Amino acid sequence: MVMDIWKKIKQKNIASVYLLYGTEAFLINETKQLILNQVLNEDDLDFNFSAYDLEETPIEAAIEDAETFPFLGERKVIFLHNPVFLTAEKTKEKVNHNISRLETYIKEPAPYTVLVLSAPYEKLDERKKIVKELKRQAEVVEAKKLSEPELKNWVKDRAKTNGIDIHPDAIEHLLALVGTNLFMISSELEKLALYAADEKQIDVELVDKLVARSLEQNIFTLIEKVVQRKLDEALRIYYDLIKQNEEPIKILALLAGQFRLIYQVKELSRRGYGQQQAAGLLKTHPFRVKLALGQAAKFTDQELSKIMNYLAEADYKMKTGGMNKSLLVEMLLFRLNK
């Protein structure tokens, strides 16, 4: 797991070659920054840090750099970005790579160089020799979306890094408000940590007071008000969104997306799918499935079917009719509260 590798890096247990791959950009960026911070000091960065875009530069040039002794320092760090030759993607490559050069290097890497391959791809081509060799010889970090327990542990650890404790209920509330985007969570945690610098504790009240609601979260809250049959509060949220210049067509799309998710998880749950299984099938985060399951329990199948029809009808009218779009969503909210 990525956090286990972070722990090793912080303990100065640094590998000679790293392979970072996956679509969770935050985890890749954090790993690269952690390696830089642990291997080089600020003065070394100008002389002993290099980065190569392998869509523009042949791998041989990077390997030659890796084999060259550091300048006025003990170690050097080299980042290799976009190694598309590790995937099965068909591309019109601008450069030809001598992959055997890389294969030879990773078997006996220079002891003074930390080579980091950064591959922002969901999958690598496991059939390729170079991929097999890297997985055998390198420290591999798979930057995939964290599970709910991993995500909560990460939030807890992130808060500790800022010298703050965060209550489990506050973690739950933070994720409900912000979602699972690690960049946004990290940003909000830094803000919360600054505010809680004296108390050294983040609680639910502080999260509720300081954390900005995303449009998606406002839609989620709006749906909660619909569930509770609180039309006046649902409309208040909607009017606030309109005042913030949010487009009615975007609000309608998010409403439809959330209700579609509610409908799907309710059906999958009835078929015996667990939270993780449903998340994998729907290609969404398990935490979103958990929240949708909570809302799904408050609707009958007939109600959800009727709501989906209302949403489809509103979408059709918005895209083809001349009716005021803002008023169209407002009328939809009235119908949802019947």
Side-chain angles (χ1 to χ4, degrees), residues 145 147-148 151 172-181 213-338:
K145 288 192 179 297
S147 66
E148 185 183 344
L151 186 59
E172 189 88 21
H173 194 45
L174 175 65
L175 296 179
L177 291 179
V178 178
T180 58
N181 184 301
R213 271 70 170 167
S214 64
L215 174 57
E216 288 78 5
Q217 174 55 31
N218 277 317
I219 295 297
F220 184 87
T221 306
L222 191 156
I223 291 173
E224 278 291 301
K225 300 306 179 185
V226 170
V227 169
Q228 298 162 9
R229 303 297 190 265
K230 295 180 179 178
L231 177 61
D232 55 338
E233 294 184 33
L235 287 170
R236 192 178 306 125
I237 294 170
Y238 174 62
Y239 296 147
D240 285 344
L241 291 174
I242 294 300
K243 286 178 185 176
Q244 294 165 25
N245 295 318
E246 296 291 354
E247 289 291 333
I249 193 167
K250 187 175 182 181
I251 294 171
L252 178 61
L254 288 170
L255 276 170
Q258 183 61 26
F259 271 111
R260 192 180 304 113
L261 182 63
I262 291 169
Y263 186 90
Q264 290 169 325
V265 298
K266 188 177 183 71
E267 179 61 28
L268 290 173
S269 178
R270 182 169 35 245
R271 295 184 188 182
Y273 284 78
Q275 186 176 313
Q276 288 289 138
Q277 289 176 301
L281 193 65
L282 298 173
K283 298 189 185 307
T284 190
H285 198 281
F287 193 74
R288 281 199 68 205
V289 172
K290 176 184 175 181
L291 295 177
L293 276 169
Q295 291 182 324
K298 300 170 185 176
F299 292 99
T300 66
D301 292 346
Q302 291 77 13
E303 285 174 328
L304 281 175
S305 181
K306 186 167 63 174
I307 287 170
M308 295 307 294
N309 286 332
Y310 288 160
L311 288 161
E313 183 181 331
D315 181 68
Y316 178 79
K317 287 181 178 178
M318 187 169 286
K319 291 175 179 175
T320 62
M323 187 175 177
N324 181 283
K325 293 178 180 179
S326 179
L327 182 60
L328 191 59
V329 177
E330 188 175 337
M331 290 176 62
L332 171 67
L333 292 175
F334 275 99
R335 295 183 79 182
L336 296 183
N337 272 272
K338 286 183 180 179

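Remember, it's a predicted structure, so these values are computed and weren't measured experimentally.
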Going by salt bridge (charged side-chain N to carboxylate O under 4.0 Å, His left out), name the residues that satisfy it together with [X], two or more places apart in sequence or in a different chain.
| X | value |
| --- | --- |
| Asp240 | none |
| Glu313 | Lys317, Arg335 |
| Glu224 | Lys298 |
| Lys243 | none |

#### Entry: All pairs passing salt bridge (Lys or Arg N to Asp or Glu O under 4.0 Å) where residues 244-257 contributes a residue, at least two apart
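As it turns out, there is no salt bridge (Lys or Arg N to Asp or Glu O under 4.0 Å) pair with a partner in residues 244-257 once direct neighbours are skipped.
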Any residue meeting side chain to side chain contact (heavy atoms under 4.5 Å, CB included) with [X], in chain and number order, not counting sequence neighbours:
| X | value |
| --- | --- |
| Thr221 | Gln217, Lys225, Ile237 |
| Leu281 | Leu268, Tyr273 |
| Leu291 | Phe220, Phe287 |

Can you name the residues that form a side chain to side chain donor-acceptor pair (under 3.5 Å) with [X], not counting sequence neighbours?
| X | result |
| --- | --- |
| His173 | Asp208 |
| Lys145 | none |
| Arg271 | Glu267 |

What side-chain donor-acceptor pairs closer than 3.5 Å can you find for residues 254-262, not counting sequence neighbours?
residue : atom : partner : partner atom : Å
Gln258  : OE1  : Arg288  : NH2          : 3.3
Gln258  : NE2  : Gln295  : OE1          : 3.1

